[in-house]
**Q** 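For reference, the structure I am asking about is given below.
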Amino acid sequence: MKYTFTAIEKKWQKEWERHGLYEANDRSKKKKWYSLFEFPYPSGDGLHVGHLRPYIGMDIISRKRRMEGYNVLFPIGWDAFGLPTENYAIKTGIAPHIVTKKNTDTFRRQIKSIGASLDWDREINTSDSKYYRWTQWMFLQFLKHDLAYKAEIAINWCLSCKIGLANEEVVGGKCERCGSDVEKRTKKQWMLKITAYAEKLLDGLEKLDFLKEIKTQQINWIGKSEGAELKFALENGDESITVFTTRPDTIFGATYLVLAPEHNLVYKLALHIKNLPEVEAYQNFTRSISEQDRVAEGKEKTGVVLGGIFAINPATGNRIPVWIADYVMAHVGTGAIMAVPAHDERDFEFAKKFQLPIVQVIKSETVVGECWTGEGSLIDSGGFTGMSSLEARRAVTKFLGGKLKTHYKLRDWVFSRQRYWGEPIPVIICASCGYVPVPEKNLPVVLPKVKNYKPREDGESPLASVASWVKVKCPKCKGPAERETDTMPNWAGSSWYFLRYADSKNKHAFADTKKLEAWMPVDWYNGGMEHVTLHLLYSRFWNLFLYDIGEVPTAEPYKKRTAHGLILAEGGAKMSKSKGNVVSPDGLIKEFGADALRVYEMFMGPFDQAIAWDPRGILGASRFLERVWNIGMTRIVSDSESADKELTTLLHKTIKKVSEDIETMSFNTAISAMMIFINGCGSEKKIPVSLWSLFVRILAPFAPHVAEELYQKLTTKNSRQKTRKISRSKLVVVSSKSSVHLAPWPSFNPKLITEETFELIIQVNGKFRGTVTLPRGVGESEAKEIALKDEKVLRALDGKQSKKVVFVPDRLINFII
RNA sequence: GCCCGGGUGGCGAAAUUGGCAGACGCGCAUCACUUAAGAUGAUGUGCCGCAAGGCUUGUGGGUUCGAGUCCCACCCCGGGCACCA
């Protein structure tokens, strides 16, 4: 009987859906399991084979858990707000919600076609007002707890997208999305105080089962540095300069101070600065170059001394000059540093160029005249001389009345966008009351329909042009007021979507507390590496906050996080519509079947590694399934007929391998193990039904449709008795109770795996010379005797006596001559 | 510059953690079936060599009876961070 995958796949997908086989149960007594992948952005480019990789991976894990007896939640939805849809609307005039509808329909059809065991009943869409009502509600909670505020800030303005970007969205001075230039603009923006959670975000990481590189990236991003703030009095007037340093122990070597060119004090001191024109020229110069150029690698240090301005080094009492230089950033630390050229590379370089004194105060392990940034004992440091630098950090700070201080690189999250396709920020601006939150009962603030989606030339959102929507009464004083026209960034909806899945249809709360308690936290979350410093950090912050205000049951939302590698186009380029190298799953499913596509995607290489698409690769998967099918249809016999011991051992080894490999996402080797089993079945062997049933079950997570069909043939065949060949019956449809996907996951029998014999490796001088099969537990002398009968071994020994023999029981013997 | 990955046949890749390097698959070759092609099946396939044998996991050194795996130095590729004080 031919393997008609199209018919089989359609049939089972329908049956599974009809029986609600994959719907999670909120009230089950079974242990819960929550697996999650990053919900897709339904782009107009359509779904490509790369999208499917994480879905298939998590599907395999979810299916295995179900078979292991868990009550599994494996949901999906759409991260539907976002720029590409809006840009498409600008270009075509088609409303974003219509485009979104069309795109999600396509994505849904395509994802369904691979037969993932998703609970479609809980499908969500972040651009649906029933959903974003709660995103807005959460914003109001941030506002209520002083974690949302509006501030005049320099934002990163993308010239091409016409949108303000969060710092996280600027990569190498360019817009992360479109790659064009970003310039600094000042604008009043809503901000979320993620910095208040810096320490919690860092602490929380420790207990989580996240990939090491993910943790490292988050740690780097938060960028904690511990040091001290020290005050330097100025000779001129009452002002002083506070610097931040991680090395207060080196203060005796501080020979000058440096301010960022845009530091406030430069303006305050203007009257005292003797070379003001020169200083102003330098300020203008630094303003004119982009941030990217300013920090460019190998850039020579520049700077200007503030003529006539002197500070007093509080440790030495020396009078030291004050400079401005662009190697000091206004937003780092206090925007001012004490320069210790002998012990800091940058200061060293600067001091050499401008011939400033270099005073060594830490014993160095390098040549004199070089810069030493390591630790050591203090020299020429007054009462601290001889103390270790580590010890001196605290002691010096205390002595000088400085403050121990922790700085973070992490900056507050710019939460405003002046764009259309996002959640309106639920705030009303009243001339007399200020920023007034929209009362919770008036949520959602629905995004109004507009004619023109283009951002306005003045940089305001297109919403600002909808007068009828903007003009409202102030909820507080009832006077005339206006709505906030900024919308939220596309990271908003995805910051809490995993919570909504617990109770996606709730009209009275973002989710019912009991249901959250039943499902949270996410047991296993898989997504892309590209979201590690953005989405993953934001959503952890969001959840930590909700936990603090008592809205969610766990502090951390995700127990375990893994990342998949991208699938690249042939040749290794990134897949994109503009490059025209996108591989769609549709044609492949038609030609080879969803199961073959699934198996190939999992087989092509390690799950966490990027890999280029090979159009021929799917043939191997397809052939494998054909072979499985043929065996299943023609060679299954009743248990009484035969029990091939070798094959039984092989199967149990395969069960062990597949069980373990799924847990480490080593899907490629799991499939290879199953291929070895099928090869082991040869072309003649009859397979007893009980063996085959176990194999079909371990295959089920990978190739769910063909496994279901074969399994159903078995159960129906079993109830009759031993017919050698399965009759050409119509496609069987049985109740979900007997689905292979609810059958118990097989366990292997350890006794069957340990074989009675082993291959003894024979080496001469560490070189492999042959093997011999021996019973397990054989002793050294016996092994030696047998090994010495081997012709090749004798030839290698060349009549010489071995002076030493290394014998590893049940493994190897090595003669050394 | 710093921090993570990684470098193995023509290609994608395995390697029970120090014990037969190249499993599994793609591709290729030969054969069978076929009028033929395709599909399928069988056999072979790291490199040099007719063979015996030798060589082989980015490079160079080391530890070890034995190294893809451990140690030291270096070279390339991918990712992240970066005048972060």
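All figures in this text were calculated on a predicted structure; none of them were measured in a lab.
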**Q** Just how far, in rounded Å, is P of B:G41 from CD1 of A:I678?
**A** 12 Å
**Q** Determine the Euclidean distance between corresponding C1' atoms of B:U16 and B:A23; express it in Å to zero decimal places.
**A** 12 Å
**Q** In the structure I gave you, are the side-chain heavy atoms of A:K405 and A:E226 within less than 4.5 Å of one another anywhere?
**A** no
**Q** Take atom P in B:G5 and the same atom in B:A85, then report the distance between them in whole Å.
**A** 23 Å
**Q** Using a cut-off of 6.0 Å, state whether more than 12 heavy atoms not belonging to A:K403 lie near its atom NZ.
**A** no
**Q** Considering only residues two or more places apart or on different chains, which pairs with a residue in residues 804-817 of chain A satisfy side-chain hydrogen bond (donor to acceptor under 3.5 Å, both in side chains)?
**A** A:Q763-A:N814
**Q** Given B:G27, B:G66, B:C84, identify the nucleotide with an atom nearest to the side chain of A:R616.
**A** B:G27
**Q** The side chain of A:K212 is closest to which nucleotide in this list: B:G25, B:G5, B:C65?
**A** B:G5
**Q** Which residue in the set A:D249, A:T250, A:T245 passes side chain to side chain donor-acceptor pair (under 3.5 Å) when paired with A:R247?
**A** A:D249
**Q** Is it true that atom NZ of A:K751 has more than 12 heavy atoms of other residues, nucleotides or ligands lying nearer than 6.0 Å?
**A** no
**Q** Using the P atom on both, measure B:G9 against B:U56 and round to a whole Å.
**A** 14 Å
**Q** Distance check, P atoms only: B:C55 and B:A73, in whole angstrom units.
**A** 29 Å
**Q** Is it true that atom NZ of A:K590 has more than 12 heavy atoms of other residues, nucleotides or ligands lying nearer than 6.0 Å?
**A** no
**Q** Between B:C74 and B:C84, how far apart are the P atoms? Round to whole Å, please.
**A** 23 Å
**Q** Base, sugar-phosphate alone, or nothing: which one does A:V340 contact when heavy atoms must sit under 4.0 Å apart?
**A** nothing
**Q** Between B:A85, B:G27, B:G79, which nucleotide gets closest to the side-chain atoms of A:R623?
**A** B:G27
**Q** Name the closest nucleotide to the A:V332 side chain, picking from B:C26, B:C84, B:A21.
**A** B:C84
**Q** Using the P atoms only, state how far B:U57 lies from B:G10, rounded to an integer number of Å.
**A** 13 Å
**Q** Where does B:G61 land, syn or anti, given syn is within 90° of 0?
**A** anti
**Q** Would you mind reading off the distance between A:W221 atom CH2 and B:C3 atom C1', rounded to a whole angstrom?
**A** 15 Å
**Q** Run the salt-bridge test on A:E38 and A:R561 with the 4.0 Å N-O cut-off and return the result as yes or no.
**A** yes
**Q** When you measure from the centre of the six-membered ring of A:Y408, is the NZ or CZ of A:K224 under 6.0 Å away and within 45° of the axis?
**A** no
**Q** Return the polar atom pairs (N/O with N/O) between nucleotides 12-15 of chain B and the protein under 3.5 Å, or none.
**A**
from: B:G12; atom 1: O2'; to: A:M604; atom 2: O; distance (Å): 2.4
from: B:A13; atom 1: OP1; to: A:Q609; atom 2: NE2; distance (Å): 3.3
from: B:A14; atom 1: OP1; to: A:N668; atom 2: ND2; distance (Å): 3.0

**Q** Classify the nucleic acid contact of A:N679 as base, sugar-phosphate or nothing, counting any heavy atom under 4.0 Å across all strands shown.
**A** sugar-phosphate
**Q** Applying ring pair (Phe, Tyr, Trp, His ring centres under 6.0 Å), can you list everything that pairs with A:F354, at least two apart in sequence or on another chain?
**A** A:W323, A:F350
**Q** Give a yes or no on whether a salt bridge exists between A:K656 and A:E660, defined as a side-chain N under 4.0 angstrom from a carboxylate O.
**A** yes
**Q** Could you list the residues that satisfy ring pair (Phe, Tyr, Trp, His ring centres under 6.0 Å) with A:H407, not counting sequence neighbours?
**A** A:F244
**Q** Compare the minimum distances between each of B:A85, B:A82, B:C24 and the side chain of A:K409, then state the nucleotide with the smallest one.
**A** B:A82
**Q** So what is the 5' to 3' dot-bracket string for RNA chain B, if pairs are Watson-Crick or G-U wobble with both distances under 3.5 Å, crossing pairs use [ ] and | means the partner sits on another strand?
**A** (((((((..(((......[....)))((((((.......))))))(((....)))..(((((..]....))))))))))))....
**Q** Which nucleotide in the list B:A85, B:A23, B:U16 gets nearest to the side chain of A:R811?
**A** B:U16
**Q** Quickly work out the A:R627 CZ to B:G25 P distance and round it to whole Å.
**A** 7 Å
**Q** In whole angstroms, how far is the P atom of B:C4 from the CD atom of A:E213?
**A** 11 Å
**Q** Taking for each residue the nucleotide of RNA chain B bearing the nearest heavy atom, is the 5' side occupied by A:T302 or by A:Q763?
**A** A:Q763
**Q** Determine which pairs satisfy side-chain hydrogen bond (donor to acceptor under 3.5 Å, both in side chains) with at least one residue from residues 604-622 of chain A, sequence neighbours left out, and list them in order.
**A** none
**Q** More than 12 foreign heavy atoms under 6.0 Å from NZ of A:K215: is that the case here?
**A** yes
**Q** As a test of reading the structure: which of B:G79, B:C84, B:C20 is closest to the side chain of A:H331, going by heavy atoms?
**A** B:C84
**Q** Calculate the interatomic distance between A:E345 atom CD and B:A85 atom C1'; express it in whole Å.
**A** 13 Å
**Q** Does A:G223 or A:T216 map to a spot on RNA chain B nearer the 5' end, using the closest nucleotide for each?
**A** A:T216
**Q** Looking at residues 252-266 of chain A, who's got a heavy atom less than 4.0 Å off RNA chain B?
**A** none
**Q** Between the protein and nucleotides 48-54 of chain B, list the N/O to N/O atom pairs that are separated by less than 3.5 angstrom.
**A**
from: B:A52; atom 1: O3'; to: A:R795; atom 2: NH1; distance (Å): 2.9
from: B:G53; atom 1: OP1; to: A:R795; atom 2: NH1; distance (Å): 2.3

**Q** Using atom P of each nucleotide, how far apart are B:U30 and B:G7 to the nearest Å?
**A** 35 Å
**Q** Suppose you measure atom C1' in B:C47 against the same atom in B:A21; what distance do you get, rounded to whole Å?
**A** 14 Å
**Q** Salt bridge check, A:R53 against A:E601: does any charged N sit closer than 4.0 Å to a carboxylate O?
**A** no
**Q** Is the closest basic N to carboxylate O distance between A:D790 and A:K792 below 4.0 Å?
**A** no
**Q** Can you name the residues that form a ring pair (Phe, Tyr, Trp, His ring centres under 6.0 Å) with A:F285, not counting sequence neighbours?
**A** A:Y282
**Q** If you only use heavy atoms from C-beta on, which nucleotide in B:C24, B:A85, B:C20 is closest to the side chain of A:I676?
**A** B:C24
**Q** Kindly indicate whether the side chain of A:N814 and the base of B:C65 share any N or O donor-acceptor pair separated by less than 3.5 Å?
**A** yes
**Q** Output one letter per nucleotide in nucleotides 67-73 of chain B: B when a protein non-hydrogen atom lies under 4.0 Å from the base, S when only the sugar-phosphate is that close, - when neither is.
**A** -------
**Q** Syn or anti for B:U64, taking syn as within 90° of 0?
**A** anti
**Q** Roughly how far apart are A:Q360 CD and A:L378 CG, rounded to 0.5 Å?
**A** 11.0 Å
**Q** Which pairs pass ring-ring contact (aromatic ring centres under 6.0 Å, His included) with one or both residues in residues 659-686 of chain A, sequence neighbours excluded?
**A** A:F607-A:F667, A:F677-A:F695
**Q** Round to a whole Å and report the spacing from CE of A:M602 to P of B:C24.
**A** 22 Å
**Q** Report the residues that fulfil ring pair (Phe, Tyr, Trp, His ring centres under 6.0 Å) with A:H48, sequence neighbours left out, ordered by chain and then residue number.
**A** A:H51
**Q** So does A:K301 reach the base of B:C83 with its side chain, donor to acceptor, closer than 3.5 Å?
**A** yes
**Q** Counting any heavy atom closer than 4.0 Å, what does A:L619 reach on the DNA or RNA strands: base, sugar-phosphate only, or nothing?
**A** sugar-phosphate
